[in-house]
Amino acid sequence: MTTETYKGSCHCGAVRFEVRTALTPAGRCNCSLCRRKGALMTPMIDVADVKIVSGEESLTLYQFNTRTAKHYFCKHCGIYPFHQTRKAPNLWRANIGCLDGVDPYALEAGVADGASLSVLEDA
């Protein structure tokens with residue numbers, strides 16, 4: 001797994017970030033939130049490899065179910081750039097569609113069973 005530093009942003013550019021990550025294995029999740037947002041995500045990234053370059057004040061936090069995972073969205077355009085995971089809070093995943101110069105449709109992806117981590121039905 002080769003890691004590189006990628007620059008990324010939300011759709012409107014209010015949130016800019018950098019992540020040091022591999023692109024594969026890319027993944028999706030079947031939890032109720034990820035199923036609805038449909039983002040292709042990087043492998044898990046150590047929190048030290050995620051840097052918000054600008055726009056932290058433009059991020060809004062969404063939590064549900066166990067309220068362990070922290071899903072961040074741009075409060076202006078609604079795009080999800082990254083989240084802190086439920087399984088390991090020191091690990092994050094980034095939305096590959098937000099990374100500059102990366103075609104998310106060129107990557108194969110597996111599906112993580114996040115739904116099995118829920119303590120509430122359909123959460």
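Just so you know, residue 1 is the first one in the sequence shown, and it goes up from there. Predicted model only: the values in this text are computed from it and were never measured.
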Open item on the list: Show the nearest heavy-atom pair for residues R16 and S9, with the distance to one decimal.
Closed with: NH1-CB, 3.8 Å
Task: Non-hydrogen atoms of R20 and T5 that approach each other most closely - done: NH1-OG1, 3.8 Å
Open item on the list: Could you see if I96 belongs to whatever hydrophobic cluster contains L33? Use Ile, Leu, Val, Met, Phe, Trp, Tyr and a side-chain cutoff under 4.5 Å.
Closed with: no
TODO: Indicate if L61 and V47 have the same hydrophobic cluster label, given that clusters are the connected sets of ILVMFWY residues with side-chain heavy-atom separations under 4.5 angstrom.
DONE: yes
- [ ] Could you please spell out the steps behind the side chain to side chain contact (heavy atoms under 4.5 Å, CB included) verdict for R28 and R35?
- [x] CA-CA 8 Å; R28 298 189 189 284; R35 189 172 68 235; over 6 Å; no
Open item on the list: Side-chain heavy atoms nearer than 4.5 Å, only ILVMFWY residues, links allowed to pass through others: does that put I52 and I45 together?
Closed with: yes
Task: A69 backbone acceptor or donor facing Q63 side chain under 3.5 Å - done: yes
Open item on the list: Using 0.5 Å steps for rounding, measure from the OG atom of S32 to the CZ atom of F64.
Closed with: 4.5 Å
- [ ] Grab the two heavy atoms, one from L23 and one from L99, that are nearest each other, plus how far apart they are.
- [x] CD2-CD1, 3.9 Å
Task: Steps toward side chain to side chain contact (heavy atoms under 4.5 Å, CB included) verdict (T3, T21) - done: CA-CA 5 Å; T3 61; T21 185; 5.7 Å; no
Open item on the list: Would you say the ring centers of Y72 and W92 fall short of 6.0 Å from each other?
Closed with: yes
Open item on the list: Tell me the closest heavy-atom pair linking T68 and R86, and the distance in Å.
Closed with: CG2-O, 3.7 Å
TODO: Output the distance between atom CZ (F17) and atom CG (N95), rounded to the nearest 0.5 Å.
DONE: 7.0 Å
Task: Path from V50 to V15 over hydrophobic side-chain contacts below 4.5 Å - done: yes
TODO: Mark yes or no for whether T42, through its side chain, and R93, through its backbone, hold a donor-acceptor pair below 3.5 Å.
DONE: no
- [ ] Identify the heavy atoms of D100 and G8 that sit nearest to each other, and give their distance.
- [x] OD1-CA, 4.1 Å
Give the table of side-chain donor-acceptor pairs shorter than 3.5 Å for residues 74-85, with sequence neighbours excluded, one pair per line with atom names and distance.
unit_1, atom_1, unit_2, atom_2, d
K75, NZ, E57, O, 3.1
H76, NE2, S58, OG, 3.1
Y80, OH, H83, ND1, 2.8
Q84, NE2, P89, O, 2.7
T85, OG1, A88, N, 3.2
T85, OG1, A88, O, 2.6
T85, OG1, L91, O, 3.2

